[in-house]
Structures are given as C-alpha cells and as structure tokens.
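Here the structure comes first, spelled out in structure tokens, and everything after it is commentary.
Lettering of chains follows the sequences in order, A, B, ..., and the numbering in each one begins at 1. Note: hydrogens, waters and symmetry copies are ignored here, and every other heavy atom, side chains too, is used.
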Amino acid sequence: MTRRRRSTFAAQWGWPIGLAVLTLFGLLSALIGEGGIWWWLSWGALAMPLLVIVHHLRRAAQGSRRHHARARSS
Amino acid sequence: MTSGALRGWRLVHRWTSLVSTLFLLMLCITGLPLVLGDEIEHWAGGAPPAYAAGTAVHNLDKMVAHAHARFPTEQLFSIVMAEDEGFVRVYLTPSWAAYGRDRGAAHWLDFDARSGSALSPHSRQALRVESIIATARTLHTDMFAALPGRLTLAAMAILLILSLVSGTVIYGPFTRKLAFGAIRSSRSRTRWLDLHNLLGIATVAWLLIVGATGAMNEITTPLFRNWQQNDVAAMLAPWRGQPPVDQPHFISINRAAAEAARAAPGMTMASMVFPGHPVGSPHHVLFWMRGESALSGRLLNPVLVDARTGAFSGHVAMPFHLRLLQLCRPLHFGDYGGMPLKILWELLDVVTIVVLGSGLYLWIARPRRERAAARAQGLHGASPAMEPAE
C-alpha cells in the first residue's frame with residue numbers, strides 16, 4: 001500500500017472509526033464501571049458523535065449562508 | 001470494490017432498509033417516551049420520595065395483607081422491589097386464566113418502601129399517562145401480536161443490522177472524494193444524501209448495538225420459556241403431581257424472603273414471583289436476587305422457596321447464554337448511566353429518525369434515469385450510478 005493510499009484511507013475512515021470506538025467505550029464504561037468517573041467518561045464519549053454532527057451542520061449552514069450572500073451580491 | 005460488488009451492497013442496503021423502515025420509525029417514535037418512561041410516570045403520578053440504597057424495606061406481609069383485603073378474590077402475581085425509587089409494587093390478577101387471556105389483567109398497588117403504607121391510588125391523569133406509556137411499550141415490544149409480533153420485530157432488527165453493515169460498506173465509495181462531514185448545498189437530494197451519510201456514519205455503532213440488543217431482548221422471552229420448560233421443570237420434578245399451592249396457604253412472605261436472603265448472601269431481592277405465574281413454579285415462590293455491584297446488579301439469580309413449608313428449595317442454574325442476555329439488556333434501554341445517558345439516548349434516537357426519514361426521501365426522490373433503468377431491466381438491473389448528477 002502506498003503512503004498516499006494510506007493517507008486517503010485515514011482521511012476517509014479516521015472519523016468514522018474514531019467515533020465508533022468512542023461509542024463502544026462509552027456504552028461499556030457506564031455498564032461495567034462503578035459510577036463516578038466512568039459515567040462521566042461514558043457521557044463524554046457518547047456525546048462526541050452528536051457534537052461532531054452539530055459541528056458539521058453548523059458549518060454547512062454557515063457555508064450556505066455565505067453561498068447565498070455571494071449569489072445575492074453577484 | 002468492483003462495480004458489481006458495489007451494486008450488490010447497494011441493493012442489500014436499499015431493500016433491507018425499505019422493508020424495515022416503517023417498523024423502525026415506529027420503534028424509534030415509541031422508544032422516545034419509553035427511555036424516560038419512569039420519569040414521566042413519576043412526574044404524572046407524584047412518586048414518593050426516594051430513599052437511600054440499603055434502606056430497610058417495611059413488612060411485606062402487611063403490604064400483601066392490605067392487597068388481599070382490597071381485592072379479596074384476586075391472586076398475588078408478583079412483587080417488585082423498587083426501593084431505590086421509594087416504593088414496593090404488589091401485582092395482582094383476578095385469576096391466572098384471566099391473565100392468560102389478557103396480560104393487561106394484571107394490576108398493581110404501590111406501597112411506601114419504608115413505612116409500608118399504601119400509596120394513594122393514581123390520579124386519572126397519572127393513569128392516562130401510564131396507559132399511553134404501556135401502549136407505547138406494547139407497540140415497541142410486540143405490536144399487540146404476542147410471539148409473532150416479537151419475532152417480526154426481531155427480524156426487523158436483523159434487517160436493520162444488515163442495512164447498517166451494507167450502508168457502512170457503500171459509505172466508502174460514496175464519500176471517497178468528500179471531506180468527512182461535508183454537506184454540499186448544491187441540490188436538495190445531494191444535501192439530504194450528505195446528511196444521511198454524516199448522521200448515519202456518526203451513529204452507526206450506537207444503532208448497531210441498540211438494534212442487536214433489541215433483537216436479543218425479543219428472543220429472550222422464548223429462550224426463558226424454553227429454559228423454564230426444561231431446566232426449571234427438571235428441578236421441580238420432586239414436586240410433580242402435587243396440587244398447586246393455593247394462595248391463602250402461603251407461608252409468611254417475610255419468612256420466605258429471609259430464607260431467600262440467607263440462600264443468596266450479599267444479594268438483595270429484586271422481585272418475587274408467586275405460584276401460578278407462567279414464568280414461575282406452581283409450588284414455590286421464585287425470588288430474583290441481584291448482587292450489589294454495577295455488574296452483578298445486572299445479573300439476576302433465581303432462588304426457589306417452597307410455598308408450603310417456607311424451606312429453601314434450591315438455586316436455579318442459569319445457562320451462560322441467558323446470563324449474557326441479561327447482561328446486555330441494559331444496552332438497549334440506556335437506563336444504566338443516570339439521566340445524562342438517557343438524554344443522550346433520546347438525542348441519538350432523534351438522529352436515527354432523521355437517518356430513516358432521509359433514507360426514505362432519498363429512495364422516493366431517486367434520479368429519474370435510475371427509475372427508468374429499473375423499469376426497463378427489472379430490479380436487478382438498477383443503474384449502478386452512485387453519485388447524483390451534479
């Protein structure tokens with residue numbers, strides 16, 4: 001595998017794999033852990049997919065506002 | 001990936017999703033109130049104050065005597081210890097035959113866990129809220145169709161898993177040229193495709209676990225019944241042929257509970273099931289005991305106490321696969337990590353609804369040439385085009 005192909009794989013699958021690992025960690029840490037820090041870690045980990053979604057939705061909304069602004073000014 | 005393989009995965013994704021989408025939408029929507037079901041019922045009914053864990057539970061015999069006095073002709077069904085939430089719930093049924101015909105025949109009385117006093121009957125508003133939650137629960141578990149309903153929903157969960165796997169496989173070719181999470185604003189269908197891809201891939205692990213444990217929960221009931229008919233029935237062989245115990249001839253429930261506690265040191269009682277119950281013994285009070293730690297608290301251990309003599313009759317060994325099922329059950333409900341986990345469950349449920357809805361829209365608004373190709377060649381000849389024309 002060439003370096004270039006590896007880096008496209010990482011670019012494409014890095015986030016999905018990272019979020020999946022965080023999700024599984026979050027699900028199990030609250031199940032097996034005894035409250036306290038494990039619950040906090042679980043909440044943080046499971047919130048990550050939602051935060052990533054919100055981040056990209058906001059970026060898309062800003063992008064489309066800029067897009068519309070450009071369309072109006074031209 | 002070859003174009004033939006991609007076409008195959010796309011067909012798998014399309015058809016597993018199409019067949020299951022309406023069921024899954026129903027499951028997601030009924031799931032919303034169920035995640036917070038306890039909280040909603042408390043809010044509607046004004047629950048008693050919760051006591052600290054380990055609070056001594058008041059005299060169970062007095063609670064049962066009170067229940068018998070109010071419903072003299074009825075049978076004790078089970079008792080559920082909800083002392084963490086401050087109450088003990090005593091279930092009754094007019095008769096076992098009535099319960100066999102309609103599971104709704106069972107009803108309950110709540111008692112304050114510490115004082116043992118009966119809690120006031122629920123207001124009409126609380127009863128209405130409870131019946132809405134109960135309806136959502138029945139829809140969510142068997143759609144009012146008992147075992148066939150359960151098996152149908154289990155099959156839909158398996159289709160969901162296939163749809164998630166195939167969706168993840170085709171996510172690769174679909175997004176190869178895009179930055180992660182990019183939502184193009186060029187055309188409505190493209191925007192919804194990008195949204196579907198982002199929301200789907202970000203939550204796929206959660207949905208996979210919830211779907212798989214949902215399917216497991218659906219088959220738990222038949223597996224438990226099977227276990228009960230074989231292992232438990234073998235254990236009950238010495239009592240075979242004896243008439244079932246009449247409920248007035250019970251020994252003291254306090255004494256039976258003490259006997260069960262002695263037989264299971266370090267455990268507390270989660271619930272007890274009385275003779276006549278379909279998942280119990282006709283000659284015993286069946287106690288479900290649980291451990292104290294987070295993990296062992298999830299594993300319920302059955303203990304049998306003779307309903308005539310009050311003597312400990314034995315532990316019921318539980319096969320490994322049923323223990324594993326018990327351990328995984330909470331992964332479906334999200335009720336094991338406090339209120340923040342429940343709220344995350346609700347939000348992830350909403351994301352799933354959007355994924356399902358957008359998927360349906362993408363199919364309805366699929367490019368015309370694809371529909372024309374499908375008409376011309378039949379289903380298997382659907383166009384391999386994977387990107388909507390820009």
Side-chain angles (χ1 to χ4, degrees), chain A residues 1 4-72, chain B residues 164 167-168 171-186 191 194-195 197-210 213 292-298 327-348 350-351 354-355:
Chain A
M1 196 188 265
R4 195 190 143 93
R5 275 182 62 192
R6 237 194 336 266
S7 70
T8 38
F9 180 85
Q12 199 182 0
W13 288 101
W15 276 105
I17 291 171
L19 290 176
V21 169
L22 271 175
T23 302
L24 294 178
F25 169 79
L27 289 172
L28 291 179
S29 77
L31 188 66
I32 299 169
E34 297 275 339
I37 180 77
W38 293 106
W39 281 21
W40 282 95
L41 287 174
S42 165
W43 301 334
L46 284 172
M48 275 307 287
L50 296 166
L51 293 175
V52 167
I53 288 171
V54 169
H55 168 76
H56 285 287
L57 289 182
R58 283 186 52 182
R59 230 176 51 169
Q62 281 162 7
S64 93
R65 260 203 303 281
R66 271 201 297 279
H67 181 79
H68 288 302
R70 262 206 311 281
R72 268 199 303 276
Chain B
L164 291 172
T168 306
Y171 172 84
F174 262 82
T175 59
R176 195 166 36 222
K177 293 180 185 128
L178 293 173
F180 175 78
I183 296 173
R184 293 163 289 175
S185 56
S186 44
R191 201 159 54 235
D194 289 344
L195 188 73
N197 285 340
L198 168 64
L199 268 53
I201 203 73
T203 56
V204 64
W206 177 81
L207 194 49
L208 203 57
I209 297 288
V210 172
T213 49
E292 299 286 1
S293 77
L295 206 57
S296 68
R298 301 269 165 214
L327 210 56
C328 293
R329 276 173 69 83
L331 286 173
H332 187 73
F333 307 113
D335 61 350
Y336 60 97
M339 183 50 87
L341 194 70
K342 291 188 176 191
I343 290 168
L344 287 166
W345 235 251
E346 296 281 17
L347 295 172
L348 288 161
V350 170
V351 170
V354 178
V355 173

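Within the 4.5 Å cutoff, no side-chain heavy atoms of B:V204 are placed close to those of A:L19. Counting heavy atoms from C-beta outward, B:I201 and A:W15 have side chains that stay 4.5 Å or more apart. Proximity of A:L27 to A:T23: side-chain heavy atoms (C-beta onward) are separated by under 4.5 Å at one or more points.
Heavy atoms closer than 4.5 Å to chain B are found in both the backbone and the side chain of A:L46. Heavy atoms closer than 4.5 Å to chain A are found in both the backbone and the side chain of B:P340. Only the side chain of A:L24 comes within contact range of chain B, with at least one heavy atom under 4.5 Å from a heavy atom of that chain. Only the side chain of B:I209 comes within contact range of chain A, judged by heavy atoms closer than 4.5 Å. With a 4.5 Å cut-off on non-hydrogen atoms, A:W43 touches chain B through its backbone and its side chain both.
Ranking B:I343, B:L331, B:T203 against chain A, the residue ahead of the rest is B:L331, based on heavy-atom pairs under 4.5 Å. For the set B:L348, B:L327, B:L208, the entry with the most heavy-atom pairs within less than 4.5 Å of chain A is B:L348.
In this structure, A:W38 has no ring pair (Phe, Tyr, Trp, His ring centres under 6.0 Å) partners at least two apart in sequence or on a different chain. Scored by the salt bridge (charged side-chain N to carboxylate O under 4.0 Å, His left out) test, B:D194 finds B:R184 as partners (sequence neighbours excluded).
Within the 3.5 Å criterion, the main-chain N or O of A:W13 finds no donor-acceptor partner in the side chain of B:Y171.
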